[in-house]
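Since the structure comes first, as structure tokens, the remarks are kept for the end.
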Amino acid sequence: MGLAWKEMLRRRGRFLSVGIALLLINLLVLFLVSQLTGLDEGQTGAIRALDSDLLTFDAGVDQSLFRSSIPVSDVQEAEAVEGVAAVGPVGILFGTGRTEAEVVPDELFDMSVFGYEPGSPGEPAGLVEGRLPRAGETGVGTIDETVKSDGVEIGDTVYFAESDRPIEIVGFVDDSTFQLQPTLWVELGTWQELLAVVRPERVGSEPTANVLAVDVDPGADPSEVAREVDSSLPGTETVTVDDAIAALPGLSEQRQTFFTIIGMTYLAAAIVVTLFFALITLEKAEQIGILKAIGARTRSLAGSVLVQGLLLAIPAFLGAAAVTVLIGATLPPELPFAIDTGAWLTVGIVTVSVAVIGALLSFRRISRIDPANAIGGTGD
Amino acid sequence: MTDQASDLQEAGGQPESQDNETAATEPGVPEAAEKSGVSGKEVVLARDVSKVYGSGHAATTALRDASVHLHEGEFMALLGPSGSGKTTLLSILGALLTPTSGEVTVSGTDITELTSKEQSRFRANRIGFVFQNFNLVPFLTATENMLIAAQFASVPKRQAQDRADRLLEELGLSELRNQIPSQLSGGERQRVAIGRALMNDPDAILVDEPTANLDTKLGTAVVELLAREIKGRGKAGIMVTHDVRMVEFTDRTVEILDGVVCC
Ligand SMILES: Nc1ncnc2c1ncn2[C@@H]1O[C@H](COP(=O)(O)OP(=O)(O)O)[C@@H](O)[C@H]1O
Ligand SMILES: [Mg+2]
């Protein structure tokens, strides 16, 4: 093992260049992974903030949060279903927000409004400052903290789309953006008022929401309960929150695109490592023959290569991780970037595996080198 | 592992620790010189050794019923034209190759029946090699190049270091101990290689064309040194050479032609 380390130390140039190549590849992968995580989180934050187990959609809208419409009265029926703990209506509107009463096109920002019943499923998790609207308290809202960078503070007033209904900000929640836009959380009454202005065609004889947020009893099987809800409430489609997220338009395509790029990057990493070890093994064939002749075991020579692979991969990954964290800290907050420890760990494991496989591929070559060739030179 | 170790012992091999004891307590050249001379006990014994490479039409008989014997402190030259089987014979005596038939014992160990694992253990502990080319590990210093031999034979670090220090001094390499091969001359490199070959106090020293890459003066010095070390330490030494001038430093010469050992 000492031999492996000494070789790396004394032939710094070659090992360092491969190490740096691996580090850069890792940097690229970690950056991509973090961007994907950031994009994913930015698109799904509000859905995850609902903090419920199931979402009930209007059947036949293909789980579109935007097109789904469900009578608020369905809440009682859904609550009666076996295995359901609690149900809350959730209304959703997409549009623009503004902080001035009059509409100044340059001052608009994209914003969604989620209406919910305080105290019921659908109330956002992740309050970081201030408070949430209380039951029946109209004209107040809690907003995603990303608007802080636009200068919005507690006590400010925001307006939604063309509505002139002032809504006072009483708190901030985190990780609750939807389609990368901040979400304003209001109680359902306020939301109905906005709906009447923005989508008057949706206002019928009875109040509606877009979906129902359903919590299941502890220990109940969510997909089982989802089926029960759908059979009790005709014309509904109930899915788990994870499935609803996966069905968000563009999300799975986005993930696929990123995974393809990451996969290709790893392919490059695998080729770099494998070729490197193949080349240095080839170059050292003579020397390996000599070492075998004077008693080195194939296993320990192969072990050296493995150690070198690990000594390249582990620091390359750790170095890349450190650099990615630094880059992440300097990125402007609008850029989607989030660190998911689990995903990073996977990157680390894959990097190490790639190095190990690269090293393993040179084992066969090493074991084939015949120590008898060490003697006799190039023929006399 | 243990199985293999005991196999080796059964086959007549010395356990390492004993080797190391010898190495550590050996009083050096002068005393060892007393036991030199052709009257010592037989170290290398090869009888009717044949080696056939390949099979069928492609079969080449590289060695035909070759017999060689060497005593402690005896230095033998192996002379023969190219392709006559010198390397093959040396490889068989050094447990690098298994003969097709025949008997080879080194200090009582029958080496024709060893597994490849046992062969490499045997080489590490009992044989010192000096090769013609690519001899040393290029990124290791003179000392380290000698120490790896001890490492392969699992000699404890301190003990190996002591022995390396003494050998470096004897071989006049003390000043050069921390130089890497590219900083050494050809003759100095061969001296380091000789030091490495002596590291584990082997029974036999096998040398292949040690002077091929050296000028006559340096070559002579290297062979002189080899002869002194081999005879002084009571090793059995075999040197393959082309160069008839080197023969004067050896005790006797064996010639080989078309795989047949004569004289
Ligand atoms: N690995 C091998 N496979 C087939 N033939 C070999 C091999 N090694 C040596 N030979 C043949 O065996 C004969 C003896 O070779 P060698 O022992 O290398 O002779 P020398 O060292 O005297 O030149 C030659 O004819 C050579 O071609
Ligand atoms: Mg030869």
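Since the model is a prediction, treat every value here as computed from it, not as a measurement. In what follows, chains carry the letters A, B, and so on, assigned in the order in which the sequence lines appear, proteins first and then strands, with residues in each chain numbered from 1.
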Review point. In Å and rounded to the nearest 0.5 Å, what is the CD1 to CD distance from I294(A) to Q151(B)?
Key: 10.0 Å

Check your understanding: Considering only heavy atoms, which portion of L97(B) lies under 4.5 Å from any heavy atom of chain A: side chain, backbone, both, or neither?
Key -> side chain

Point to revise | side-chain contact (heavy atoms from CB on, under 4.5 Å) assessment of R196(B) paired with I290(A) | key: CA-CA 12 Å; R196(B) 182 181 65 190; I290(A) 297 272; 4.0 Å; yes

**Study point:** Rounded distance (nearest 0.5 Å) linking atom CZ of R299(A) with atom OG of S120(B)
**Key:** 10.0 Å

Review point. Less than 4.5 Å apart, any side-chain heavy atom of P371(A) and any of R123(B)?
Key: yes

Exercise for review: Could you tell me the separation between the CZ atom of R11(A) and the CZ atom of F139(B), rounded to the nearest 0.5 Å?
Suggested key: 6.5 Å

Practice item. Please look at L9(A) and chain B and tell me whether the side chain, the backbone, both or neither of the residue comes under 4.5 angstrom of a heavy atom of that chain. Key: neither

Review point. Any side-chain heavy atom of K6(A) sitting closer than 4.5 Å to one from V137(B)?
Key: no

**Study point:** Reported CZ-to-NZ distance for the pair F152(B) and K292(A), which is rounded to 0.5 angstrom
**Key:** 11.5 Å

Check your understanding: Is it the side chain or the backbone of F129(B) that comes within 4.5 Å of chain A heavy atoms, both, or neither?
Key -> side chain

**Study point:** Euclidean distance, S91(B) OG relative to N373(A) CG, rounded to 0.5 Å
**Key:** 9.0 Å

**Study point:** Full working for side-chain contact (heavy atoms from CB on, under 4.5 Å) between L140(B) and L3(A)
**Key:** CA-CA 9 Å; L140(B) 295 182; L3(A) 203 59; 3.4 Å; yes

Practice item. Measure distances from T141(B) to the heavy atoms of chain A and classify the residue's part below 4.5 Å as side chain, backbone, both or neither. Key: both

Exercise for review: Heavy-atom distances under 4.5 Å only: say whether L206(B) touches chain A with side chain, backbone, both or neither.
Suggested key: neither

Practice item. Heavy-atom distances under 4.5 Å only: say whether Q119(B) touches chain A with side chain, backbone, both or neither. Key: neither

